[in-house]
Amino acid sequence: MQRLKCELCGGLDIIKVADDIFQCQSCGCKYSLAQVKSIVVGSDKENSELERLLQNAATQIRFSEFIKADRLYDQISDEYPSEFVVWRDWLEGYYQWFACMIELPRDNLHQMKKVFSRALQTASTSERVSIQKKWDAFWKTYTQKLRNGEHSIFNNYLYLWHIEDHLKQVGSMHPELQQAIKDGFHGAKLLMGTDLWYGVATQDNESRWHFKTTSSHGDPYFILGKDCVYTYLGDGREYRFTRLKSTIQLTSDGIATLQLQAKTNWNNYVYCPYCNRELKNTLFGKRCVNDYCGKYRLRR
């Protein structure tokens with residue numbers, strides 16, 4: 001009896017999980033019915049080997065299994081390194097992958113740029129023009145979404161340990177991104193001359209614009225779209241990343257609006273005279289939300 005063999009991991013345990021959809025129980029790779037028919041061990045293949053492998057990778061993209069598709073394209077490129085269609089389809093897969101993610105996946109930027117370069121090298125003259133135009137259009141759109149807050153350069157706190165290298169790598173992908181990085185640093189400099197600070201000051205995890213009251217609030221380092229990074233000196237240089245609720249206009253009028261918001265927040269809340277953290281209303285009076293303060297506890 002003929003058996004199915006997974007092309008990603010080599011597993012033989014492939015079962016039907018839905019109508020015309022099969023899945024490897026070892027690695028999770030998914031196949032359409034047509035693909036299953038073509039990969040039966042010992043069966044005759046109607047399509048060429050390369051076409052079949054590319055169809056398999058495209059199926060993973062269709063199911064949003066981008067990591068599995070990336071691994072398949074990597075394997076295909078090792079076997080067919082001079083085939084333009086391999087690099088073109090792999091690059092298309094990256095476009096779809098990146099467009100679906102809010103955070104820019106730093107670990108895949110270098111590989112994506114390599115795939116783009118190989119696509120240009122293996123393309124004909126007319127194809128090379130098309131590849132370049134699509135690359136430019138993709139990053140122009142992506143950069144605009146960074147600016148309006150739909151995408152983020154950072155993945156929470158993951159990249160703060162090597163933030164300079166990360167921003168440099170992002171900027172190297174395209175001139176549009178490089179200009180956006182410069183604007184992010186420029187925006188932080190505009191706020192540097194103010195006493196504004198954005199962060200959580202209450203136990204309800206609500207972030208707002210405030211006035212800086214202690215050195216621990218740090219200084220603005222990078223602001224672009226909804227990405228906001230402050231830096232401060234503790235035992236060493238440290239960074240704090242926050243996603244803004246809305247984008248801000250870093251103009252004189254925009255900064256004036258932020259100062260008005262901070263003033264409103266300041267007037268609406270009473271702060272601890274010892275650590276300048278917010279006092280929270282409780283059944284027993286006001287209590288400092290800073291658990292490490294230890295000075296201003298319960299007071300009516």
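All residue numbers in this chain count up from 1 along the given sequence.
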Would you say S124 and E127 are linked by a side-chain donor-acceptor pair, where the criterion is simply a distance under 3.5 Å? yes

Show your working on ring-ring contact (aromatic ring centres under 6.0 Å, His included) between H174 and Y142 and close with a plain yes or no. CA-CA 11 Å; H174 195 271; Y142 197 96; over 10 Å; no

Under the 3.5 angstrom rule, does the side chain of R147 hit a backbone N or O of G225 as a donor-acceptor pair? no

Are any side-chain N or O atoms of Q23 and backbone N or O atoms of G28, one a donor and one an acceptor, separated by less than 3.5 Å? yes

To the nearest 0.5 angstrom, please state how far the CD1 atom of I181 sits from the CG atom of L167. 5.0 Å

Using the side-chain hydrogen bond (donor to acceptor under 3.5 Å, both in side chains) rule, pick out the option among K133, Q132, K134 that qualifies with D136. Q132

Go through N108 and F98 one step at a time and tell me if the side-chain contact (heavy atoms from CB on, under 4.5 Å) criterion holds. CA-CA 10 Å; N108 301 97; F98 279 36; 4.2 Å; yes

Side-chain heavy atoms of I153 within contact of L146, under 4.5 Å: yes

Compare every heavy atom of L191 with every heavy atom of T194, then report the nearest pair and how far apart it is. OG1-O, 2.7 Å

pair N56-I76: side-chain heavy atoms closer than 4.5 Å: no

Should we count CD1 of I102 as having more than 12 external heavy atoms under 6.0 Å? no

Could you walk me through whether F154 and I163 pass the side-chain contact (heavy atoms from CB on, under 4.5 Å) test, one step at a time? CA-CA 9 Å; F154 304 99; I163 186 172; 3.7 Å; yes

Does T125 reach the side chain of R128, with side-chain heavy atoms less than 4.5 Å apart? yes

How many angstroms lie between atom CG of L177 and atom NZ of K140, to the nearest 0.5 angstrom? 13.0 Å

Counting the benzene-type ring for Trp, do Y239 and Y221 have ring centres under 6.0 Å apart? yes

Is there any side chain to side chain donor-acceptor pair (under 3.5 Å) pair reaching into residues 72-83, and which pairs are they, with sequence neighbours excluded? none

Got C29 and E65 here, is their nearest side-chain heavy-atom distance under 4.5 Å? no

Hey, could you give me the CD1/NZ distance between I21 and K16, rounded to the nearest 0.5 Å? 10.0 Å

Heavy-atom closest pair (A262 atom, L196 atom, distance to 0.1 Å) is CB-CD2, 3.7 Å

Side chains of W97 and D70: is there a donor and an acceptor less than 3.5 Å apart? no

Could you report the tightest heavy-atom contact between F241 and S152, atom names first, then the distance? CZ-OG, 3.9 Å

In this structure, would V129 and L120 fall into the same cluster of hydrophobic residues linked by side-chain contacts under 4.5 Å? no

Counting C-beta onward and ignoring hydrogens, is there a side-chain heavy-atom pair between Q144 and T141 closer than 4.5 Å? no

Spatial distance of atom CE (M173) from atom CG (L104) [nearest 0.5 Å]: 7.5 Å

Can you name the nearest heavy-atom pair linking N148 to K145, along with the distance? OD1-O, 2.8 Å

Under 6.0 Å between the ring centres of F22 and Y31? no

K68 NZ to C24 SG distance, which is reported to the nearest 0.5 Å: 9.5 Å

Main chain of H210, side chain of K263: is a donor-acceptor contact present, judged purely on distance under 3.5 Å? no

State, yes or no, whether a side-chain contact exists between F84 and I131 at a heavy-atom distance under 4.5 Å. yes

Counting distance only, does the side-chain N/O of R118 pair as donor-acceptor with the main-chain N or O of P81 below 3.5 Å? yes

Any L244 side-chain heavy atom under 4.5 Å of W209 side chain: yes

Locate the shortest heavy-atom distance separating P220 from A188; write the atom from each residue and the value. CG-O, 3.5 Å

Taking atom types as modelled, is there a side-chain donor on D183 or Q179 under 3.5 Å from an acceptor on the other? yes

Under 4.0 Å between a Lys/Arg side-chain N and an Asp/Glu carboxylate O for E150 and K226? no

So how far is it from C100 SG to Y95 OH, rounded to the nearest 0.5 Å? 15.0 Å

Do M192 and F185 belong to the same hydrophobic cluster, where Ile, Leu, Val, Met, Phe, Trp and Tyr are linked whenever their side-chain heavy atoms lie under 4.5 Å apart, directly or via other members? no

Side chains of F222 and T231, heavy atoms from C-beta outward: is any pair under 4.5 Å? no

With a 3.5 Å cut-off and no angle check, do the side chains of R240 and T242 form a donor-acceptor pair? yes

side-chain contact (heavy atoms from CB on, under 4.5 Å) evaluation trace for Y94 with Q111: CA-CA 10 Å; Y94 272 124; Q111 182 73 351; 3.0 Å; yes

More than 12 non-hydrogen atoms from neighbouring residues, nucleotides or ligands closer than 6.0 Å to CD1 on I67, yes or no? no

Applying side-chain contact (heavy atoms from CB on, under 4.5 Å) to R243 and D227, what does each step give before you reach the verdict? CA-CA 5 Å; R243 283 282 286 173; D227 289 345; 3.2 Å; yes

Contacts of type ring-ring contact (aromatic ring centres under 6.0 Å, His included), residue F116, not counting sequence neighbours: W135

Considering only distance and modelled atom types, tabulate donor-acceptor pairs under 3.5 Å from the side chains of residues 247-260, sequence neighbours left out.
residue : atom : partner : partner atom : Å
T251    : OG1  : G254    : N            : 3.1
T257    : OG1  : D253    : O            : 3.0

